[in-house]
Amino acid sequence: MLKFDWNILWTLIDLILFFILMKVFLFKPIKKTLDKRRELIEKQFEDADNVQKSANELKQQYQEQLDDVENEKKEILSQARQNAKKEYSRIVDKAQQDADKIKADAKKASDLECERARLSINEEIAKLAMETAEKVVGEKASEQIDKSIYDQFLNESSDKK
């Protein structure tokens, strides 16, 4: 028959006891330490994800601000170009008006000078006619007759223009 050895039983009990003690005093603290480390690592990953999300949000905000600034820059440049075109048109129009005024003034001055020259020529012609008439008649008529002939000639020449 079989003989039962008490040493095997005590060895088994020792092993079970040793396992229980190891589990209580070694495995549980190690498991707690590993769990704490796992939680710490997970927390660090969550924090890193949160920081990443925050950084992405800030990046998005900055990008939107840059886009707004770019749009504003384009708008300001467009407005400046429009203002420059308006100013250019205003300056060109003013220069054209000034040129037209100068032309008109020059035309008036030219017309006035022509009229003066015409009157001067008419006076010269009248004097020459008087001198010719004096030579033909042979004597000088009275001053009143000269003046009436002279005025009549000027009036006729004025009417012809």
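Bear in mind the structure is a predicted one, so any value in this text is a computation, not a measurement. One-based numbering along the sequence shown.
Judged as a salt bridge (Lys or Arg N to Asp or Glu O under 4.0 Å), and not counting sequence neighbours, the contacts of Arg38 are Asp35. For Lys73, the salt bridge (Lys or Arg N to Asp or Glu O under 4.0 Å) criterion is met by Glu70, not counting sequence neighbours. Not counting sequence neighbours, Glu42 has no partner by the salt bridge (Lys or Arg N to Asp or Glu O under 4.0 Å) test. Considering only residues two or more places apart in sequence or on other chains, Lys74 meets the salt bridge (Lys or Arg N to Asp or Glu O under 4.0 Å) condition with none of them.
Here the CD1 atom belonging to Ile76 is positioned 11.0 Å from the CG atom belonging to Asn71, to the nearest 0.5 angstrom. Expressed to the nearest 0.5 Å, how far CD of Gln61 lies from CG of Asp68 amounts to 11.5 Å. For the atom pair Leu26 CG and Phe18 CZ, the distance stands at 8.5 Å (nearest 0.5 Å). Distance OG1/Thr33 to NZ/Lys28: 13.5 Å, rounded to 0.5 Å. Taking CD of Glu64 as the start and NZ of Lys59 as the end, the distance is 12.5 Å to the nearest 0.5 Å. Glu124 CD to Lys127 NZ: the interatomic distance, rounded to the nearest 0.5 Å, is 5.5 Å.
Using modelled atom types, no side-chain atom of Ser54 and backbone atom of Asn50 make a donor-acceptor pair closer than 3.5 Å. Of the possible donor and acceptor atoms, one in the side chain of Thr11 sits under 3.5 Å from a partner among the backbone N and O of Asn7.
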### Task
Run the numbers on Leu112 and Lys108 for side chain to side chain contact (heavy atoms under 4.5 Å, CB included), then give the verdict.
CA-CA 6 Å; Leu112 185 61; Lys108 284 180 186 177; over 6 Å; no
### Message
What verdict does the salt bridge (Lys or Arg N to Asp or Glu O under 4.0 Å) test give for Asp111 and Lys107, after you've listed the backbone C-alpha separation in whole Å, the side-chain angles of each residue and the deciding distance to 0.1 Å?
### Response
CA-CA 6 Å; Asp111 290 346; Lys107 175 126 176 75; 3.6 Å; yes
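A salt bridge is absent between Glu39 and Lys36; no separation between the charged side-chain nitrogens and carboxylate oxygens falls under 4.0 Å. In summary, Lys43 and Asp47 engage in a salt bridge, as defined by a charged side-chain N under 4.0 Å from a carboxylate O.
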Atom pairs and distances, side-chain donor-acceptor, residues 91-98, under 3.5 Å, sequence neighbours left out:
from  : atom 1 : to     : atom 2 : distance (Å)
Lys94 : NZ     : Asp98  : OD1    : 3.3
Gln96 : NE2    : Asp100 : OD1    : 3.1

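Summarising the local packing, CD of Glu75 is surrounded by 12 or fewer heavy atoms from other residues, nucleotides or ligands at distances under 6.0 Å.
Hydrophobic cluster membership of Phe25, counting Ile, Leu, Val, Met, Phe, Trp and Tyr whose side-chain heavy atoms lie under 4.5 Å apart directly or via other members: Ile16, Ile20, Leu21, Val24.
Hydrophobic clustering (ILVMFWY, side-chain heavy atoms < 4.5 Å, transitive): Ile13 and Phe19 are in distinct clusters.
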